[in-house]
Each structure stands twice: as structure tokens, then as C-alpha cells.
Amino acid sequence: MVVIAYLGPRGTYSEIAAIACSQQLKAQGYDSELRPYPSIAQTLQAVAKQEAHLAIAPVENSIEGNVPMTLDSLWQLQGLDIQQAYVLPITHGLLSHRDELSAIKTVYSHPQALAQCQEWLEQHLPGVELIPTNSTTESIEYLQPDRPIAAISSQRAAKLYKVPVLAYPINDRPDNCTRFWVVSSTDTDIRLNASSRSKTHTSIAFSLPNIPGVLVKPLEVFAHQGINLSRIESRPTKQSLFEYLFFIDIEVDAREPSIQKTLQQLEEYTEVLKIFGSYTVTNI
């Protein structure tokens with residue numbers, strides 16, 4: 001039985017991605033169990049601690065950008081490998097037991113969901129109190145029939161918990177989507193798309209000494225080999241002010257001998273280099 005960890009409780013967008021992973025595993029002959037965790041960090045820790053075989057972690061939203069908790073956890077934990085990426089359309093609804101928008105005084109949801117609906121909230125619910133929660137589904141726990149409260153969550157969650165949908169859709173951009181990584185331990189025997197000969201993307205991260213122009217050399221390594229970077233962003237090291245980690249997605253398969261040589265060259269210019277894995281990207 002393959003255990004898949006995801007940000008719970010049931011009804012989150014992470015669960016939808018986990019269901020897609022479960023279906024993919026079923027097609028490969030595996031049975032699976034979906035196991036919710038209260039935070040993104042804990043889903044990844046579950047794999048690192050061998051409590052779960054796979055973890056579903058949101059990494060990037062098309063509106064709000066990266067998910068810091070996923071990037072920070074992946075850097076901090078050891079022995080993790082990205083096997084697959086899913087791109088999931090995200091469509092939010094406003095859930096409430098109240099019948100009218102004018103009755104809503106407080107809205108709960110995950111910070112990413114609140115940000116993705118910011119323009120709608122300012123237009124339709126100006127002045128309401130916005131309270132962040134660990135997940136979009138957790139926000140539903142605060143709803144009570146006699147209180148002026150709403151939650152931003154998915155239609156799936158509304159059906160699961162039998163909560164009325166007061167407004168839908170409410171996200172600011174109709175093409176809103178989130179990319180999720182399927183993460184395993186590096187030594188697992190469970191491989192998604194094991195028969196695939198080549199992967200389309202590789203994710204890496206590295207730290208650099210804090211000196212002027214230090215990022216130029218690593219980027220030149222990719223430029224000289226004609227390797228396209230589909231994403232580059234920085235995160236603070238959390239150790240010293242103005243020191244950063246750089247997370248990069250490159251459109252190559254790191255298993256190719258020529259790419260391995262490129263990564264060896266890159267290592268010469270970095271303090272710490274981590275290769276998180278090569279994978280394909282699937283729309284779900």
C-alpha cells in the first residue's frame with residue numbers, strides 16, 4: 001500500500017492532486033492510501049521520516065508565485081526526490097451559511113487563497129476581516145449558521161462538508177492554477193512514469209557566497225550549454241541578512257551525461273548544490 005501525504009483535511013486542492021496521483025499509481029498496479037497532514041512541512045517530513053511513500057506539495061501559483069513553505073522544507077530536509085509535477089486549475093468559491101454577502105463580516109482561508117481573491121473581496125466585501133488558516137478546508141471549521149462568517153474553499157469541500165456556496169467563482173483570474181510536486185525519498189522503489197525514457201524538467205537549488213556578481217557564473221554555465229531556465233527565484237537562508245538560496249527549474253533531464261557534466265561544473269561556483277530530481281509536468 002502506497003501512502004500519499006497531502007495538506008488536509010479532505011477537500012483541499014492538495015487532496016485533488018493526491019487523487020490524481022493515486023489514479024496514476026493505480027494505472028501502474030499500485031494500491032494507495034491518502035493521508036492528510038495539517039501543514040505542508042509535515043507532508044514532506046512524513047516522507048523524510050518514512051511515514052509516507054509520497055507527498056503532494058504545492059510549489060507555485062500562477063497569480064501569487066512560489067509557496068515558501070515547500071521550498072524551505074525541501075531545502076532543509078535530506079534525501080527527497082521530485083518524481084512528478086501536476087498543474088491543477090484553481091477555482092475558489094465563497095462558502096457560508098449566511099444568505100447574503102452583506103451579512104459577511106469575516107472571511108477565513110489559506111493565505112494563498114485570500115490573495116488570489118483579493119480584488120473580488122475588495123469589490124464585493126470591502127472592509128471585511130481576513131483571517132488566514134492552514135488550508136482552504138480548515139477554514140470551513142469556523143463556519144456557524146448564526147455567525148457572519150464565510151470561507152474561501154473548493155466546490156469539492158462544499159459538497160464534502162455540506163456547506164452552501166454563496167458566490168462562485170471568486171478568484172481574480174479565470175486561468176488561476178497551481179503547480180504541485182510529487183515528492184518521494186531518493187531510495188524508494190515506487191516510481192511514477194517509470195517507463196518514461198526522458199524527463200522534461202529538473203529542479204535544483206544552491207547557496208552562494210555573499211559577494212558582488214556571484215550569481216553571474218552559475219547562470220553562465222546554463223547559458224553556454226543552451227539550457228533554458230523556466231523558473232528562478234530566491235529565498236533567504238534564514239541565517240544572515242542579505243544571504244539567499246536560489247531555486248531554479250531547468251528544462252532538461254539531469255540523468256543525461258552532458259547535463260551531469262554541466263551540474264558538476266555548476267558545483268564549482270556554489271557553496272551547496274542540491275538536485276531535487278527530474279520529472280515531467282502533467283495537467284490535471
Side-chain angles (χ1 to χ4, degrees), residues 40-41 44-45 47-48 53-60 65-87 179-240 242-282:
I40 294 171
L44 293 168
Q45 290 166 5
V47 172
H53 300 93
L54 301 172
I56 305 297
V59 63
E60 182 181 23
N66 73 66
V67 181
M69 183 60 69
T70 297
L71 299 180
D72 292 347
S73 297
L74 201 62
W75 176 265
Q76 293 163 3
L77 297 171
Q78 303 298 321
L80 298 184
D81 179 52
I82 302 169
Q83 289 204 21
Q84 178 80 36
Y86 296 130
V87 177
R179 182 162 58 107
F180 294 83
W181 279 336
V182 182
V183 180
S184 71
S185 64
T186 53
D187 58 357
T188 184
D189 293 330
I190 299 166
R191 308 303 303 181
L192 291 169
N193 288 328
S195 59
S196 177
R197 293 186 176 181
S198 63
K199 309 297 183 180
T200 59
H201 292 73
T202 296
S203 291
I204 66 173
F206 51 79
S207 60
L208 298 169
N210 187 16
I211 58 177
V214 69
L215 185 57
V216 173
K217 289 294 185 182
L219 296 183
E220 285 181 344
V221 170
F222 297 118
H224 290 161
Q225 297 299 323
I227 296 174
N228 187 50
L229 279 60
S230 57
R231 181 176 68 101
I232 178 170
E233 51 197 315
S234 62
R235 291 286 301 150
T237 63
K238 304 183 187 298
Q239 295 178 350
S240 300
F242 306 129
E243 289 189 0
Y244 298 92
L245 309 172
F246 295 89
F247 290 81
I248 293 179
D249 291 348
I250 51 178
E251 295 183 349
V252 293
D253 188 338
R255 300 173 302 175
E256 296 292 334
S258 62
I259 304 304
Q260 290 180 5
K261 291 180 180 179
T262 299
L263 293 174
Q264 289 173 1
Q265 183 181 358
L266 176 66
E267 196 167 11
E268 298 175 7
Y269 301 109
T270 63
E271 290 183 326
V272 178
L273 171 64
K274 291 193 175 185
I275 302 170
F276 297 128
S278 297
Y279 53 90
T280 55
V281 180
T282 302

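Nothing here was measured: the structure is a model prediction, and the numbers come from that model. In what follows, every heavy atom counts, from backbone to side chain, and hydrogens, waters and symmetry copies are set aside. One is the number of the first residue; the rest follow in order along the sequence.
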Excluding sequence neighbours, so at least two apart, what forms salt bridge (charged side-chain N to carboxylate O under 4.0 Å, His left out) with Glu271? none

Got a second to check how far Trp181's CH2 is from Phe276's CZ, nearest 0.5 Å? 7.0 Å

Quick one: CD1 on Ile250 to CD1 on Ile232, what's the gap to the nearest 0.5 Å? 11.5 Å

Calculate, to the nearest 0.5 Å, the distance between atoms CG and CZ belonging to Leu219 and Phe246 respectively. 8.5 Å

With Phe180 as reference, evaluate Val67, Ile56, Val87, Val59 under the side chain to side chain contact (heavy atoms under 4.5 Å, CB included) test and give the passing residue. Ile56

Only distances under 3.5 Å count here; give the side-chain donor-acceptor pairs of residues 200-217 to other protein atoms, sequence neighbours excluded, each with its distance to 0.1 Å.
from: Thr200; atom 1: OG1; to: Tyr279; atom 2: O; distance (Å): 3.4
from: Thr202; atom 1: OG1; to: Val252; atom 2: O; distance (Å): 2.8
from: Thr202; atom 1: OG1; to: Ala254; atom 2: N; distance (Å): 3.2
from: Thr202; atom 1: OG1; to: Ser278; atom 2: OG; distance (Å): 2.5
from: Ser203; atom 1: OG; to: Asp249; atom 2: OD1; distance (Å): 2.6
from: Ser203; atom 1: OG; to: Tyr279; atom 2: OH; distance (Å): 2.7
from: Ser207; atom 1: OG; to: Val272; atom 2: N; distance (Å): 3.2

State the CG-CD distance between Leu266 and Glu220, to the nearest 0.5 angstrom. 12.0 Å

Go through the structure and list residues passing side chain to side chain donor-acceptor pair (under 3.5 Å) with Gln45, not counting sequence neighbours. none

Hits for side chain to side chain contact (heavy atoms under 4.5 Å, CB included) against Gln265, two or more places apart or cross-chain, chain-then-number order -> Val221, Tyr269

Where is the tightest heavy-atom contact between Ser185 and Val47, given as atom of each residue plus distance? N-CG1, 3.4 Å

Quick one: CD1 on Ile248 to CG on Leu273, what's the gap to the nearest 0.5 Å? 9.5 Å

For Glu233 and Asn66, which I'm curious about, is there any donor-acceptor pair between the side chains at under 3.5 Å? yes

Could you walk me through whether Val183 and Leu54 satisfy the side-chain contact (heavy atoms from CB on, under 4.5 Å) test, starting with their C-alpha distance in whole Å, then the side-chain angles of each, then the deciding distance to 0.1 Å, before giving a yes or no? CA-CA 5 Å; Val183 180; Leu54 301 172; over 6 Å; no

Donor-acceptor pairs under 3.5 Å, side chain of residues 69-84 to any protein atom, not counting sequence neighbours: which ones?
from: Thr70; atom 1: OG1; to: Pro58; atom 2: O; distance (Å): 2.5
from: Asp72; atom 1: OD1; to: Arg235; atom 2: NE; distance (Å): 3.1
from: Asp72; atom 1: OD2; to: Arg235; atom 2: NH2; distance (Å): 2.7
from: Asp72; atom 1: OD2; to: Lys238; atom 2: NZ; distance (Å): 3.2
from: Ser73; atom 1: OG; to: Met69; atom 2: O; distance (Å): 2.8
from: Asp81; atom 1: OD2; to: Arg191; atom 2: NH2; distance (Å): 3.0
from: Gln83; atom 1: OE1; to: Leu192; atom 2: N; distance (Å): 2.7
from: Gln83; atom 1: NE2; to: Ser184; atom 2: OG; distance (Å): 2.9
from: Gln83; atom 1: NE2; to: Ile190; atom 2: O; distance (Å): 2.8
from: Gln84; atom 1: OE1; to: Asn193; atom 2: ND2; distance (Å): 2.6
from: Gln84; atom 1: OE1; to: Thr280; atom 2: OG1; distance (Å): 3.4
from: Gln84; atom 1: NE2; to: Thr280; atom 2: O; distance (Å): 3.3
from: Gln84; atom 1: NE2; to: Thr280; atom 2: OG1; distance (Å): 3.4
from: Gln84; atom 1: NE2; to: Thr282; atom 2: OG1; distance (Å): 2.7

Using the side chain to side chain donor-acceptor pair (under 3.5 Å) criterion, which residues pair with Asn228? Sequence neighbours excluded. Glu251

